[in-house]
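Single-structure report; data block below.
Both backbone and side-chain heavy atoms feed into the values below; hydrogens, waters and symmetry mates do not. Whatever order the structure lists them in is the order used to number ligands and atoms, beginning at 1.
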Amino acid sequence: MKKGGAWRPQLMKDIMVMSKSRARPPLKRPTWIIALVCIVCVFLVSAYFYPPQSSTTCYLFSSPNCAGMFGRTPPSPVRELTDDETASAVVVKEILKTPPLQSKNPKIAFMFLTPGTLPFEELWENFFQGHEDKFSVYVHASKQQPIHVSRYFVDRDIHSEQMPLIINNQVVWGKFSMVEAEKRLLANALLDPDNQHFVLLSDSCVPLHSFDYVYNYLMYTNVSFIDCFVDPGPHGTGRYSEHMMPEVEKSDFRKGSQWFTMKRQHAIVMMADSLYYTKFKLHCRPNMEGRNCYSDEHYLPTFFRMKDPGGLANWSVTFVDWSEGKWHPRAFRTQDVTYDLLRNITSIADSTHVTSDEKKTLLSTPCMWNGMKRPCFLFARKFYPETLGKLMHLFSNYTKV
Ligand SMILES: *[C@@H]1O[C@H](CO)[C@@H](O)[C@H](O)[C@H]1NC(C)=O
Ligand SMILES: *[C@@H]1O[C@H](CO)[C@@H](O)[C@H](O)[C@H]1NC(C)=O
Ligand SMILES: *[C@@H]1O[C@H](CO)[C@@H](O)[C@H](O)[C@H]1NC(C)=O
Ligand SMILES: *[C@@H]1O[C@H](CO)[C@@H](O)[C@H](O)[C@H]1NC(C)=O
C-alpha cells in the first residue's frame, strides 16, 4: 500500500507557496533562498524514496493535511495477491499476449479418453481418411490396453509408466485423476508443434460432420470451446468449498461439461498452471465435507473464465442429451440411431444449460462462431457400441452438409 502517495502533491504546493511568499520581499538574499529550497528538496526526495513509517515526517513538515491523511484507512478494499497468484498472473498474461507459432502444416489433435478399446475406430477411420497430414490421434486408456483395428490408432497410446503407483494411475470417472489424464494427453499432444487445436473425446463419441467441416470450424476461430456457465444449484456452486479461497471465490466458480476443444495457447496456459490445479485437486473431490465435487466439470471452466473469459465460446461442441433428466445422459441404442436423429442434432444452433436448483432455469444462448450463428455441435455422445454398423451406414449421408 502506498500510504504516502496522496499527500505529497499538496505538500509540494505548500512548500512552493511558502518559498514564493518568502522569495519576494528579501530579494537581496538569494543564497539563503537557494539553500532553503535545497534542504526542502532533499527532504522531499528522501520522503519519496523512504516513505514515512510513522508520523514523524508529518511533524517535520507540519502540513495541515498530513494528520488527516495518516488517520485515514487505505481507500481501496482490493485484496493483495499472494506471491503465487502474482507469478501465475504474469505467466498467463505473457502466454496470452504471445501469438502462437504459426505452423506450416497445422493439425488438430484428437485425444481419446477411454477405459479400454474404442468401439468406434472404424467410424473415425472413415472420418479421417484422406486427411492424413491434418490430424494426429492420441489415446489414453485407463483400465485396459486397447485393441486397435484402425491404422490411425495403432501406436498412438499414451503411456504413463512414469507414475510409480499404477493403481492410482487409473482414471476413475469423476475423480481428479480425470483432469490429470486430460493434462497428460494435452502435454503429449503439445510435443508436436504442428498441433494447433486439441479435441478431447470419449470412447462413446462419434463425429457429426465431415473432416473438413470440423477442421475449418475449429481452426478458423480464436476461441476454445470450453463449456462454462453459472449453476447456482447443488450440482454447481453448491459444490464449491471455501478452502479454495482466496484464489477462487464462490462467485468465480463455474460449471461445464469436460469435453472441450482448446487452442494451443490455452493448452500451454493449462500446462503452466499449478496454483489453481492444486486448489481443485485438494478441494474439489468427491465426498468432501459431505459434498461431491467433480474437478473435471469445474476446474477448466472456472480457471479459464478467470484468466481469459473472452477466449471462451462457453459451450462444448460435443452434444449430449440430458433431456431425460436422469443422473446420466441418454445413451443411444441402434433403434434410436436414424438419419432424422443425426439431422436434428446437427441442426441445433442454441446452446442450452439447465440449473440444478429448484427453479431449473433453462439458459439458452445462440452458438456464435466468429460473430455468425452456426450449428453448435461437431461430435455427439453417448452411443452404445452396438450402433457402429448403423452409424457407418449413415455416415456419408449425414456428414454431407
Ligand atoms: C485471430 O487472431 C489473429 C491474431 O490476433 C487475427 O489475425 C485473426 O484475424 C483472428 N481470427 C479470427 C477468426 O478472429
Ligand atoms: C463467454 O462468456 C464470457 C463471460 O462469462 C464472455 O466474456 C465471452 O464473451 C463469452 N464468449 C462468447 C463467445 O460469447
Ligand atoms: C427431430 O426433431 C423434430 C422436430 O423437433 C421432432 O419432431 C422429431 O421427433 C425429432 N426426431 C428425432 C429422431 O429425434
Ligand atoms: C442417403 O441419402 C439419399 C438421398 O438423400 C437417400 O436416397 C438414401 O436413402 C440415404 N441413405 C440412407 C442410408 O439413409
- Task: Would you kindly check if the NZ (Lys) or CZ (Arg) of K134 is within the cone defined by 45 degrees around the ring axis of Y215 and under 6.0 Å from the six-membered ring centre?
- Result: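 Verdict for Y215: a cation-pi partner in K134.
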Is atom 4 (C) of ligand 3 in close reach of the protein, with a heavy atom under 4.0 Å away?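 Protein heavy atom within 4.0 Å of atom 4 (C) of ligand 3: absent.
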**Study point:** Check: P329 main-chain N/O paired with K382 side-chain donor or acceptor under 3.5 Å
**Key:**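 Absent.
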Check your understanding: Taking the six-membered ring for Trp, are F112 and F153 ring centroids under 6.0 Å apart?
Key ->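 Centroid separation for F112 and F153: below 6.0 Å.
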(Q) Taking the ring centre of each residue, are F225 and F377 less than 6.0 Å apart? (A)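 Aromatic pair excluded; centres sit 6.0 Å or further apart.
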Can you find a non-hydrogen atom of V223 under 4.0 Å from ligand 2?
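V223: no contact with ligand 2 (<4.0 Å).
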Scan side-chain atoms only and decide if S323 and D321 contain a donor-acceptor pair under the 3.5 Å cut-off.
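Result is yes, a qualifying pair exists.
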Return the closest protein heavy atom for [atom] as residue, atom name and distance.
atom: atom 13 (C) of ligand 2; answer: L312 O, 3.5 Å
atom: atom 10 (C) of ligand 2; answer: N314 ND2, 2.5 Å
atom: atom 6 (C) of ligand 2; answer: P309 O, 4.0 Å

Review point. What do we get for R305 next to ligand 2 when only non-hydrogen atoms under 4.0 Å count, side chain, backbone, both or neither?
Key: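 Only the side chain of R305 comes within reach of ligand 2.
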Q. So between G310, S351, C367, C228, whose heavy atom ends up nearest atom 9 (O) of ligand 2?
A.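 Nearest option to atom 9 (O) of ligand 2, by heavy atoms: G310.
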### Query
With respect to Y152, which candidate in E125, E121, E132 satisfies the side-chain hydrogen bond (donor to acceptor under 3.5 Å, both in side chains) definition?
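Only match with Y152 under side-chain hydrogen bond (donor to acceptor under 3.5 Å, both in side chains): E132.
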Problem - Proximal atoms of ligand 3 relative to N344 (non-hydrogen, under 4.0 Å) - result: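 That gives atoms 1 (C), 2 (O), 3 (C), 8 (C), 10 (C), 11 (N), 12 (C), 14 (O) of ligand 3.
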